[in-house]
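The block underneath contains the structure these notes are about, expressed in structure tokens.
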2 protein chains.
Amino acid sequence: MALYGASTEYVLHSLLWLVDTKEPLSSLDLADLQEIPSAFMAKLLPKLEKAGILHASEGMKGGYVLAKPAWEISVLSVVDAIEGRKSLFNCQEIRGRCALYSEGPPRWATQGVCGIHAAMLRAEQAMREELAKTTLADLSDIVRKKAPSQFLDEAQSWFGNRVKTRREGSVRKNKILKKSVNNKELP
Amino acid sequence: MALYGASTEYVLHSLLWLVDTKEPLSSLDLADLQEIPSAFMAKLLPKLEKAGILHASEGMKGGYVLAKPAWEISVLSVVDAIEGRKSLFNCQEIRGRCALYSEGPPRWATQGVCGIHAAMLRAEQAMREELAKTTLADLSDIVRKKAPSQFLDEAQSWFGNRVKTRREGSVRKNKILKKSVNNKELP
DNA sequence: AAAACGAGGACCTATATTGTCTGCGTTATG
DNA sequence: CATAACGCAGACAATATAGGTCCTCGTTTT
């Protein structure tokens with residue numbers, strides 16, 4: 001229905017939270033804060049790591065940090081990392097499929113790029129150039145201008161408290177408990 | 001996988017055949033010439049008629065003709081008619097979904113357009129402007145420069161012969177025959 | 001040793017796209 | 001005036017993709 005879906009939206013919003021944070025944030029923290037399905041987020045962020053946008057650290061106290069300064073991360077690079085270089089239009093070379101071509105299409109018909117395809121490619125290029133102009137720093141500035149500084153502080157301490165409460169009740173813990181209960185019931 | 005699919009491709013190629021033709025062409029003729037599923041084409045072209053791009057004439061010897069000169073029909077208008085004004089990105093207002101907002105999002109958070117959405121809208125606008133620049137006349141020129149005039153004449157006479165052979169073996173006829181055979185077998 | 005991470009794969013489901021088939025009204029033609 | 005060739009509309013079916021869940025594994029801190 002749209003070229004870019006919820007995955008891209010989730011990831012871009014998550015990246016904004018990472019701009020001002022020094023310590024690594026986990027995919028679970030990012031998902032819970034934004035009320036986004038956490039298991040889904042966990043599948044998205046590794047793509048950004050492979051694209052060199054995020055740096056991941058494993059193990060307890062691990063998580064994600066921007067791998068580059070925010071002004072060097074364009075919206076285009078994020079979109080490409082998540083959606084995988086989607087094109088606007090997928091040419092099927094209809095021009096070579098004419099019933100009048102008895103034995104395959106002649107050379108003049110399939111030479112160069114199809115005119116329709118070319119028009120689509122120009123539009124796609126214009127779109128990509130526009131997406132390349134905006135960086136994470138630009139987006140972050142917009143948020144910071146809108147939000148009261150008090151809120152941004154609250155957010156920082158929310159992440160901080162999360163680090164402290166790792167030991168207490170977490171989503172994972174509950175799942176593991178449920179699992180061990182099941183294991184005991186099985187045999 | 002792509003924003004614009006096969007429907008758009010089929011229709012744009014079909015419109016090119018209509019540029020130089022005076023007599024109405026049926027969806028079946030257009031489909032058969034380009035080896036495109038004809039029943040599918042028959043569902044597409046009425047959309048162009050509603051959008052004011054094609055003029056349809058019903059009944060025998062009916063078919064489609066361009067409703068406007070080719071230089072007034074942009075690729076954008078065709079795409080919109082077929083795909084229905086698809087947007088590049090569908091904003092779900094993630095910014096209003098923060099766990100820190102205890103009783104709904106504050107005004108400052110949801111004021112104006114989301115920064116991420118705005119960037120996508122700029123890209124979409126750039127794409128649409130580019131698609132608006134190309135017209136059917138432009139595309140038709142490209143084809144006419146490539147194709148030998150002999151081929152274009154052959155195509156015209158193919159359409160002409162089709163009109164003559166209406167009475168003879170057509171796809172529809174075979175289907176109707178099959179149907180009556182089945183009807184006889186049923187009781 | 002256990003808890004909290006990331007990575008990755010199997011799996012499920014809802015929806016959009018692509019296509020087929022039917023019936024109905026309209027128009028030219030013999 | 002019957003019929004063939006049209007456009008139009010809607011009911012399906014098949015397939016692909018996006019979105020989402022769950023489970024297992026290895027790593028790192030405490």
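By convention in this document, chain letters (A, B, ...) are assigned in the order of the sequence lines, proteins followed by strands, and residues within each chain are numbered from 1.
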Distance check needed: D/dG7 C1' versus B/Lys50 NZ, whole Å only. 11 Å

Reckon B/Lys47 touches a base, only the sugar-phosphate, or nothing at all at heavy-atom distances under 4.0 Å? nothing

Using the side-chain heavy atoms of A/Ala39, tell me which of these nucleotides is nearest: D/dC22, D/dT29, C/dG6. D/dC22

With sugar-phosphate meaning primed atoms plus P, OP1 and OP2, does B/Tyr10 contact a base, only sugar-phosphate, or nothing at under 4.0 Å between heavy atoms? sugar-phosphate

Do A/Gln34 and A/Ser14 have a side chain donor and acceptor closer than 3.5 Å? yes

Which is more 5' along DNA chain D, the nucleotide nearest A/Leu3 or the one nearest A/Pro37? Just name the residue. A/Leu3

Side chain of A/Pro46, heavy atoms from C-beta onward: which of D/dG7, C/dT18, C/dG8 has the nearest atom to it? C/dG8

Hey, mind stepping through A/Glu49 and A/Lys47 against salt bridge (charged side-chain N to carboxylate O under 4.0 Å, His left out) and telling me if it holds? CA-CA 5 Å; A/Glu49 205 257 338; A/Lys47 294 182 182 179; over 6 Å; no

C/dT18 phosphate, OP1 or OP2, under 4.0 Å from B/Tyr4 side-chain N/O: no

Mind calculating the distance between NZ (B/Lys43) and C1' (C/dG23) to the nearest angstrom? 15 Å

Please determine whether a side-chain nitrogen or oxygen atom of A/Ser57 lies at a distance below 4.0 Å from atom OP1 or OP2 of C/dC5. no

Among C/dT26, C/dT17, C/dG6, find the nucleotide with the atom closest to the side chain of B/Glu58. C/dT26

After noting the C-alpha distance and the side-chain angles of A/Ile116 and B/Leu16, does the key distance pass the side-chain contact (heavy atoms from CB on, under 4.5 Å) rule? CA-CA 10 Å; A/Ile116 293 171; B/Leu16 288 184; 4.2 Å; yes

Do B/Asp138 and B/Thr135 pair up side chain to side chain, a donor and an acceptor below 3.5 Å, judged on atom types alone? yes

Is there a side-chain contact between B/Ser7 and the phosphate of C/dT18, meaning an N or O under 4.0 Å from OP1 or OP2? yes

Closest approach to the side chain of B/Met60, judged atom by atom: which nucleotide of C/dT27, D/dG7, D/dT29 is it? C/dT27

Side chain of B/Met1: nearest nucleotide among C/dG6, D/dT21, D/dT17? D/dT17

Tell me yes or no: between the side chains of A/Glu83 and A/Thr8, is some donor less than 3.5 Å from an acceptor? yes

Between P of D/dC6 and CG of B/Leu30, the distance in whole Å: 11 Å

